[in-house]
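See below for the structure under consideration.
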Amino acid sequence: MTLPKFAYFKGKIVPYEQAKVGVLNHTFNYGTGVFGGVRAYWNEKDEQLYLFRPLDHFRRFLDSTRLLSMELPHTPQQLADVTIELLRAEARKEDTYVRPLAFVPDETVGVRLHDLHADITIVSIPFGRYIESEEGSSVTFSSWRRIDDNSIPARGKIIGAYVNSAFIKTDAIRAGYDEALVLNADGHISEGSAENFFMVKGGVLVTPPVTDNILEGITRRTVIQLAQEELGMTVVERPIDRTEVYLAEEAFFCGTGVQIAAIAHVDKRPIADGKMGPFVGKLRDLYFRIVRGMEPKFHAWNVPIYPKS
Ligand code: PMP
């Protein structure tokens, strides 16, 4: 991976090499930090890079910092403005991933959340697919359980919590799958290692509720709105059993990284005929047109990076 040229660090855009923290910093030692992930899509025809729903991402990002009692003066708009400045400095003309991080720079020993400082850094990298087989991924049920809201809240994008995701992802890949679905302690589905889950069942779109230890995904919210308003689908948020997925008509993951990825097989069992279903196909087409700024109705979600000529 080529490293970024610039980083937002200590309140300004600096060369990436200057964005350095001491090894004793609290986030490095205790996982007490927050991250985000925002995509920007290059539109060749418009010669424009469109950042997708940055304010929604930064709102959730700042909510996550509040869960960790981090005191930060930033507003979502300020962070979106900094991101625009950063992407212009990089002069990116390709699909890009933006990674904001809220961290605790204090170099002291003693695990806690209080009496510490917080700071924000943002970097960006070129980014293509997160899962190669977006049109038909092969998934298993992880033997790991999802962390519970009363252990580490999954609704925050808390750095330390992603050790859970790392176990889930690596074991899935080592077993020959693209991803894994993760069960809560009560046996119901939460989500994938870093993506939300949906299935079509009885012609209705079903997804786990926000009380089932999921990250409240921006893409999940996008999918619910598009399904209801554009694709005429009823959406139900309710607990999902493992074997309901085996018998689903369609299933997919969604998230900033994974975008919309059809699930073709679960535990080697085909979902319906083992091919991407018609609803997921339509949703993917619409989603990719929207994120690339090709649907005027949704332009409010596309923030252009370069001044319009
Ligand atoms: N769940 C988890 C655990 C994630 O890490 C992500 C990626 N941010 C998602 C769901 C999807 O969230 P979003 O659509 O906001 O990217």
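Remember, it's a predicted structure, so these values are computed and weren't measured experimentally. When a ligand or atom number is given, it counts from 1 through the structure's own listing order.
- Judged by the shortest distance from any of its heavy atoms, Glu216 lies outside the 4.0 Å radius around the atoms of ligand 1.
- Between the side chains of Arg99 and Tyr97, a donor-acceptor pair is found at a separation under 3.5 Å.
- Taking 4.0 Å as the cut-off between side-chain N and carboxylate O, Asp56 and Arg221 count as a salt-bridged pair.
- Under a 4.0 Å N-O distance rule, the pair Glu44/Lys93 does not qualify as a salt bridge.
- Each of the following atoms of ligand 1 lies closer than 4.0 Å to a heavy atom of Gly255: 11 (C), 14 (O), 16 (O).
- Not a single heavy atom of Arg221 sits closer than 4.0 Å to an atom of ligand 1.
- Atom 6 (C) of ligand 1 has as its closest protein heavy atom Ala194 O, 3.2 Å.
- Between Thr256 and ligand 1, at least one pair of N/O atoms sits closer than 3.5 Å.
- Atom numbering of ligand 1 starts at 1 in the shown order; those under 4.0 Å from a heavy atom of Glu191 are 1 (N), 2 (C), 3 (C), 10 (C).
- When Arg60, Arg66, Arg59 are each tested for a salt bridge (Lys or Arg N to Asp or Glu O under 4.0 Å) with Asp63, only one passes: Arg66.
- With hydrogens and angles left out, the side-chain atoms of His117 and Asp106 include a donor and acceptor closer than 3.5 Å.
- In terms of polar-atom proximity, defined here as any N/O pair under 3.5 Å, Gly217 makes no such contact with ligand 1.
- Considering Phe52, Tyr162, Phe197 only, the shortest heavy-atom separation from atom 3 (C) of ligand 1 involves Tyr162.
- Under a 4.0 Å criterion applied to the non-hydrogen atoms of Lys157, ligand 1 contributes the atoms 4 (C), 5 (O), 7 (C), 8 (N).
- Look at Arg284 and Glu135 and you find a salt bridge, because one of the NZ, NE, NH1 or NH2 atoms lies within 4.0 Å of a carboxylate O, short of that distance.
- When only interatomic distances are considered, the shortest N/O to N/O separation between Arg146 and ligand 1 does not fall below 3.5 Å.
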Could you walk me through whether Glu230 and Lys297 pass salt bridge (Lys or Arg N to Asp or Glu O under 4.0 Å), step by step?
CA-CA 11 Å; Glu230 304 296 314; Lys297 186 173 172 189; 2.5 Å; yes

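- Protein heavy atom nearest atom 14 (O) of ligand 1, with residue, atom name and distance: Thr219 OG1, 2.5 Å.
- A donor-acceptor contact closer than 3.5 angstrom links the side chains of Ser133 and Asp178.
- Annotation: Ser165 places no N or O atom under 3.5 Å from an N or O atom of ligand 1; distance criterion only.
- Geometrically, ligand 1 and Ser193 share no nitrogen or oxygen pair separated by less than 3.5 Å.
- Atom 15 (O) of ligand 1 has as its closest protein heavy atom Arg60 NH1, 2.6 Å.
- For ligand 1 and Ile218, the ligand atoms under 4.0 Å from any heavy atom of the residue are 13 (P), 14 (O), 15 (O).
- Following chains of ILVMFWY side-chain contacts shorter than 4.5 Å, one cannot reach Leu101 starting from Tyr8, and the two form parts of different hydrophobic clusters.
- In this structure, Gly192 falls outside the shell of residues with a heavy atom less than 4.0 angstrom from ligand 1.
- Glu191 has a carboxylate O that lies under 4.0 Å from a charged side-chain N of Arg146, or vice versa, which qualifies the two as a salt bridge.
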Show your working on side chain to side chain donor-acceptor pair (under 3.5 Å) between Asn164 and Trp144 and close with a plain yes or no.
CA-CA 8 Å; Asn164 183 234; Trp144 299 95; over 6 Å; no

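- The part of Glu195 lying near ligand 1 is the backbone, judged by heavy-atom distances below 4.0 Å.
- The distance criterion of under 3.5 Å between nitrogen or oxygen atoms is not met by Arg220 with respect to ligand 1.
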